[in-house]
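Here's the structure we're looking at; comments come further down.
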Amino acid sequence: MEKRKDKDKFSVNTSNKETILDFVERKLSENASIRELMKDEFVRFTSIRDFLYFKFCPGYFGMCPNSKNKKDKMCNPANCWERRFAALFPHGFDNDYIFYYNLVKDTITPSICYSCGSSNVELEWQDEGYLAKIGLINFADIAYVRCNSCKKKYMSHADNFAIEFIVKLFLAKPSKRSPIKPGQTVVLPKDKVGLEIFIKHLNETKDIKTVWQKLDPFSVANQFEELDLSLATSDFLCDYYNIDYSTEDDIPLEDFEDIDIKDLFDDFEE
């Protein structure tokens, strides 16, 4: 099985043929949150692409071609999905806080206020430019739930779970080989469902070296001076969901070694 093991897998495909649907499907290819929503559907969808096409519109991801904030009766999601990505976003679309907002809000826990029981809650990202410092480690991209009724604010369960695990691991197993360093920034993925699945798996892993390897599968933490758990979670979910990026068009170069050019043309003449 072929996996994409780099930070460019979510890069913009500048091909004029790529649609908004193509872009969103590719960006969510290893996302557990969208799969969580699929599980709740009465109708069984066989692919993320079909689920997006029939249940959502680009506006859900902040990418409405008509710059609308909400879907209305005049909307035709099918037409919007088929619009060319490069024509609408010539410089790309890299605001993940907007892209993931609704998806995280619809899958995050808590979904109600613990204090007053109100379901009138809003998702808030960690303040831009602010790092939550816990002990000797900084954490970025934490999601919070704020109650509009009593104004109480709660860190998401997934982020709290991940932070507790990272801090305990750092304190219990300090080592030069550990990807967790003092003063380092740990970037938490915006796929909070995927993060929780990933941390639960690490919690059950007995070998500390395996845990370190899974936290930094591409050994880039030192290079970027941060531990990006988005990469680690994405890599783990690729195996977890058995995602295969190979296609029938991917033919190894060695398969061409014994091909005679004459075999490619019926009317070839010497």
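Every value quoted in this text rests on a predicted model; they were computed, and no experiment measured them. We count residues from 1, following the sequence as given.
- With sequence neighbours excluded, no residue forms a ring-ring contact (aromatic ring centres under 6.0 Å, His included) with Phe170.
- Side chain to side chain, Asp228 and Ser230 meet the donor-acceptor criterion of an N or O pair below 3.5 Å.
- Side-chain N or O atoms of Asp72 include one that pairs as donor or acceptor with a backbone N or O of Cys75 at under 3.5 Å.
- Here ring-ring contact (aromatic ring centres under 6.0 Å, His included) pairs that include residues 24-47, with residues two or more places apart or in two chains, are Phe45-Phe51.
- Applying the 4.5 Å side-chain rule to ILVMFWY residues, one finds Tyr114 in the same cluster as Tyr154.
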Arg146 and Glu124: CA distance, side-chain angles, deciding distance, salt bridge (charged side-chain N to carboxylate O under 4.0 Å, His left out) verdict: CA-CA 7 Å; Arg146 178 182 290 277; Glu124 283 190 4; 2.6 Å; yes
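- Checking side-chain atoms of Asn31 against main-chain N and O of Ser33 turns up a donor-acceptor pair under 3.5 Å.
- Partners of Phe54 under the ring-ring contact (aromatic ring centres under 6.0 Å, His included) rule, at least two apart in sequence or in another chain, do not exist in this structure.
- Checked against side-chain hydrogen bond (donor to acceptor under 3.5 Å, both in side chains), Arg35 has no partners two or more places apart in sequence or in another chain.
- Residues meeting the side-chain hydrogen bond (donor to acceptor under 3.5 Å, both in side chains) test with Asn102, sequence neighbours left out: none.
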Contacts table for residues 192-202: side-chain donor-acceptor under 3.5 angstrom, sequence neighbours left out:
from   : atom 1 : to     : atom 2 : distance (Å)
Lys192 : NZ     : Asp141 : O      : 2.9
Lys192 : NZ     : Asp159 : OD1    : 2.8
Lys192 : NZ     : Asp159 : OD2    : 3.2
Lys192 : NZ     : Pro189 : O      : 2.8
Glu196 : OE2    : His157 : ND1    : 3.2

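- Between Phe93 and Phe89, the two ring planes are perpendicular [angle over 60°; tilted spans 30° to 60°].
- Side-chain contact between Ile142 and Leu188 is present, with at least one heavy-atom pair separated by less than 4.5 Å.
- Between Leu123 and Tyr101 there is a side-chain heavy-atom pair separated by less than 4.5 Å.
- Using a 4.5 Å heavy-atom threshold, the side chains of Asp106 and Tyr60 count as touching.
- Evaluation of the ring-ring contact (aromatic ring centres under 6.0 Å, His included) rule for Phe165 yields no partner, not counting sequence neighbours.
- Linking Ile, Leu, Val, Met, Phe, Trp and Tyr whenever their side-chain heavy atoms come within less than 4.5 Å puts Val186 and Leu136 in one cluster.
- Checked by atom type and distance alone, the side chain of Gln184 pairs as donor or acceptor with a backbone atom of Pro179 at under 3.5 Å.
- Scored by the side-chain hydrogen bond (donor to acceptor under 3.5 Å, both in side chains) test, Lys173 finds no partners at all (sequence neighbours excluded).
- In this view, Lys152 and Ser115 satisfy the side-chain hydrogen bond (donor to acceptor under 3.5 Å, both in side chains) rule, not counting sequence neighbours.
- A continuous path of Ile, Leu, Val, Met, Phe, Trp and Tyr side chains, each step under 4.5 Å between heavy atoms, connects Ile34 with Val43, placing both in one hydrophobic cluster.
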Kindly determine whether Lys27 and Asp96 satisfy salt bridge (charged side-chain N to carboxylate O under 4.0 Å, His left out), including the steps that lead there. CA-CA 10 Å; Lys27 197 170 177 69; Asp96 283 348; 3.0 Å; yes
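- Residues passing the ring-ring contact (aromatic ring centres under 6.0 Å, His included) test with Tyr241, sequence neighbours excluded: none.
- Each salt bridge (charged side-chain N to carboxylate O under 4.0 Å, His left out) pair with one or both residues in residues 207-219, not counting sequence neighbours, would appear here, but there are none.
- Using a 4.5 Å heavy-atom cutoff, the side chains of Asp22 and Trp81 are not in contact.
- Side-chain heavy atoms closer than 4.5 Å link hydrophobic residues (I, L, V, M, F, W, Y) into clusters, and following such links, possibly through other members, connects Trp125 to Ile98.
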